[in-house]
Amino acid sequence: MISRKKTIEMIDKIDAMFPDAECELVHKNPFELTIAVLLSAQCTDNLVNKVTRELFKKYKGPEDFIAVEQAELEQDIRSIGLFRNKAKNIQKLSKDVIERFDGIIPDNYDDLVSLAGVGRKTANVVISVAFGVPRIAVDTHVERVSKRLGIARYKDSVLEVEQTLMKKVPEDRWSRTHHQMIFFGRYHCTARNPKCEACPLLDDCREGQKRMKKAGLL
DNA sequence: CTCCCGATAT
DNA sequence: ATATCAGGAG
């Protein structure tokens, strides 16, 4: 596993590649962001945005989500996938937000993860993006990139990756680095065909070195 | 660990 | 055809 110093060198290079990285999920308020992140599980944010742009015209707040039958909401989000679980969770979450939090999405981690369909990653995204709390939400991209670069170990759990990142990345860069690692993973260090041959981090990247050697390009 | 699940890229 | 997508619950 590489050092904190080496990690900072690498995230500096990713920072130069994606200086404008930010949350790409369409939302107008913390509640919409929470719904969008919940819907984004195992789905591209492109498709989530296509659905939520229409969804948020029909459902303005938690009251609207519990005013319809579950089957109707299922149809409205069907194309996203995992739609039965997500519809059920959205209605349970909406009911809870109204009854326990006066209709307002809570701004702290513990209350957020107490909501249906909201786990550690989703709660971290919400408090980070909506409320400005420094966090590194570890999704599939952040996990893959961290492991390929050697910042974390391949055997590490998601939670271990998060804890390692918090140790090696300066706290004032957590939220920014989080988004930049997602962009890096989504547009450059992709799961299938990572662009190692055109990567500024190739010299420092274990996985990249391995792949170049295997491809006979080194 | 398994299940949930449609859309898209390769 | 199949791997992958801003995961979470049981």
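As the structure is a computational prediction, the values presented were derived from the model and not from experiment. Just so we're on the same page: letters track the sequence lines, and every chain starts at 1.
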If you take any heavy atom closer than 4.0 Å to DNA chain B, which residues from residues 157-179 of chain A end up in contact? none
With a 4.5 Å limit on heavy-atom distance, are the side chains of Leu25(A) and Val37(A) in contact? yes
Hey, can you pull the residues of residues 11-35 of chain A with a non-hydrogen atom under 4.0 angstrom from DNA chain C? Cys23(A), Glu24(A), Leu25(A)
Counting only side-chain N and O atoms of Thr140(A), is one of them less than 4.0 Å from OP1 or OP2 of dA6(C)? no
Give a yes or no on whether a salt bridge exists between Glu207(A) and Arg211(A), defined as a side-chain N under 4.0 angstrom from a carboxylate O. yes
Taking for each residue the nucleotide of DNA chain C with the nearest heavy atom, is it Asp139(A) or Val113(A) whose nucleotide lies nearer the 5' end? Asp139(A)
Nearest-angstrom distance, P atom, dA9(B) to dA6(C): 12 Å
Value in whole Å for how far the P atom of dA9(C) lies from NZ of Lys88(A): 12 Å
Pair Asp139(A) + Arg186(A), salt bridge at N-O below 4.0 Å: no
Asn89(A) CG - dA9(C) C1' separation (whole Å): 8 Å
Touch class at under 4.0 angstrom, heavy-atom based, for Thr190(A) against every strand present: nothing
Heavy-atom distance under 4.5 Å between the side chains of Leu82(A) and Cys43(A), does that happen here? no
Remember a base hit wins even if backbone is also touched, and classify Val118(A) as base, sugar-phosphate or nothing at under 4.0 Å, heavy atoms. sugar-phosphate
To the nearest angstrom, the CG-P distance between Leu112(A) and dG7(C) comes to 17 Å
Hey, does Asp204(A) have a side-chain heavy atom less than 4.5 Å from the side chain of Lys13(A)? yes
What is the distance, rounded to the nearest whole Å, between atom CD1 of Ile90(A) and atom C1' of dG8(C)? 13 Å
Which pairs would a plain distance check flag for residues 59-68 of chain A, meaning a side-chain donor or acceptor within less than 3.5 Å of a matching protein atom at least two apart in sequence or in another chain?
from	atom 1	to	atom 2	distance (Å)
Tyr59(A)	OH	Asp76(A)	OD2	2.5
Asp64(A)	OD2	Lys60(A)	N	2.7

Distance check, P atoms only: dC5(B) and dG10(C), in whole angstrom units. 14 Å
Indicate for each nucleotide in nucleotides 3-10 of chain B, in 5' to 3' sequence, whether protein heavy atoms under 4.0 Å reach the base (B), only the sugar-phosphate (S), or nothing (-). -BBBSSBB
Gap between atoms CG and P, on Leu39(A) and dG8(C) respectively (whole Å): 12 Å
Salt bridge flag under 4.0 Å for residues Glu143(A) and Lys121(A): no
Rounding to a whole Å, what distance do you find between Lys92(A):NZ and dA9(C):P? 9 Å
State, yes or no, whether a side-chain contact exists between Arg176(A) and Val169(A) at a heavy-atom distance under 4.5 Å. no
Is the shortest heavy-atom distance from the side chain of Arg4(A) to the side chain of Pro170(A) under 4.5 Å? yes
Residue list, ring pair (Phe, Tyr, Trp, His ring centres under 6.0 Å) with His188(A), at least two apart or on another chain: Phe184(A)
I need the minimum non-hydrogen distance between Ser175(A) and Val133(A), along with the two atoms involved. OG-O, 3.7 Å
Nucleotide dA6(C), atom P - distance to CD of Glu143(A) in whole Å: 14 Å
Contacts of type ring pair (Phe, Tyr, Trp, His ring centres under 6.0 Å), residue Phe101(A), not counting sequence neighbours: none
